[in-house]
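Below: the structure, in structure tokens.
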Amino acid sequence: MRRTSPAVRRRPPGSPFNTPEIPPPPIEQFTMGDRVSHDKYGLGRVLAVGEDDTVLIDFGAETYRIASPYAKLVKL
């Protein structure tokens, strides 16, 4: 018997495997004085922006340094 390679299957146009790869959203840029909201810490104000894409944020009772990509941080 002759051995054959499997045929290449074409996916139908509506297949979920045909979707183009979506690029990640751009990293948000913050400046001193921006008002922000964090899922865990609440409302705050940006005190400083570091060269290594970290931001120092005052949340009232405490100050935190948050590194990029700022998953839970939203600019207001």
Side-chain angles (χ1 to χ4, degrees):
M1 265 177 79
R2 215 170 91 187
R3 195 170 204 185
T4 61
S5 63
V8 177
R9 295 180 115 185
R10 294 184 62 196
R11 294 188 175 104
S15 173
F17 300 106
N18 287 342
T19 57
E21 189 172 316
I22 300 171
I27 296 175
E28 190 155 9
Q29 301 295 318
F30 295 99
T31 58
M32 288 178 44
D34 282 346
R35 300 283 302 179
V36 294
S37 176
H38 191 274
D39 287 350
K40 183 176 178 182
Y41 305 121
L43 296 174
R45 185 177 299 275
V46 176
L47 297 178
V49 179
E51 293 178 12
D52 54 347
D53 290 332
T54 60
V55 289
L56 184 65
I57 303 173
D58 178 27
F59 289 104
E62 297 187 37
T63 302
Y64 291 100
R65 183 175 307 276
I66 299 177
S68 159
Y70 319 117
K72 299 180 181 180
L73 194 63
V74 178
K75 188 187 294 189
L76 299 176

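Residues: numbered from 1 along the sequence shown. Bear in mind the structure is a predicted one, so any value in this text is a computation, not a measurement.
Between the CG atom of L47 and the CG atom of L56 there is a distance of 5.0 Å, given to the nearest 0.5 Å.
Residue pairs meeting the side-chain hydrogen bond (donor to acceptor under 3.5 Å, both in side chains) criterion with at least one member in residues 34-51, sequence neighbours excluded: T31-D34.
Annotation for F59 and L43: closest pair CD2-O, 3.3 Å, computed over non-hydrogen atoms.
Proximity of a side-chain donor or acceptor of Y70 to a complementary backbone N or O of Q29 within less than 3.5 Å is not detected.
Every side-chain hydrogen bond (donor to acceptor under 3.5 Å, both in side chains) that T54 has, sequence neighbours left out, goes to D52. Legend: residues meeting side-chain hydrogen bond (donor to acceptor under 3.5 Å, both in side chains) with E62, ordered by chain and number and at least two apart, are Y64.
By the criterion of side-chain heavy atoms lying less than 4.5 angstrom apart, applied directly or through intervening Ile, Leu, Val, Met, Phe, Trp or Tyr residues, V55 is grouped together with I27 in one hydrophobic cluster.
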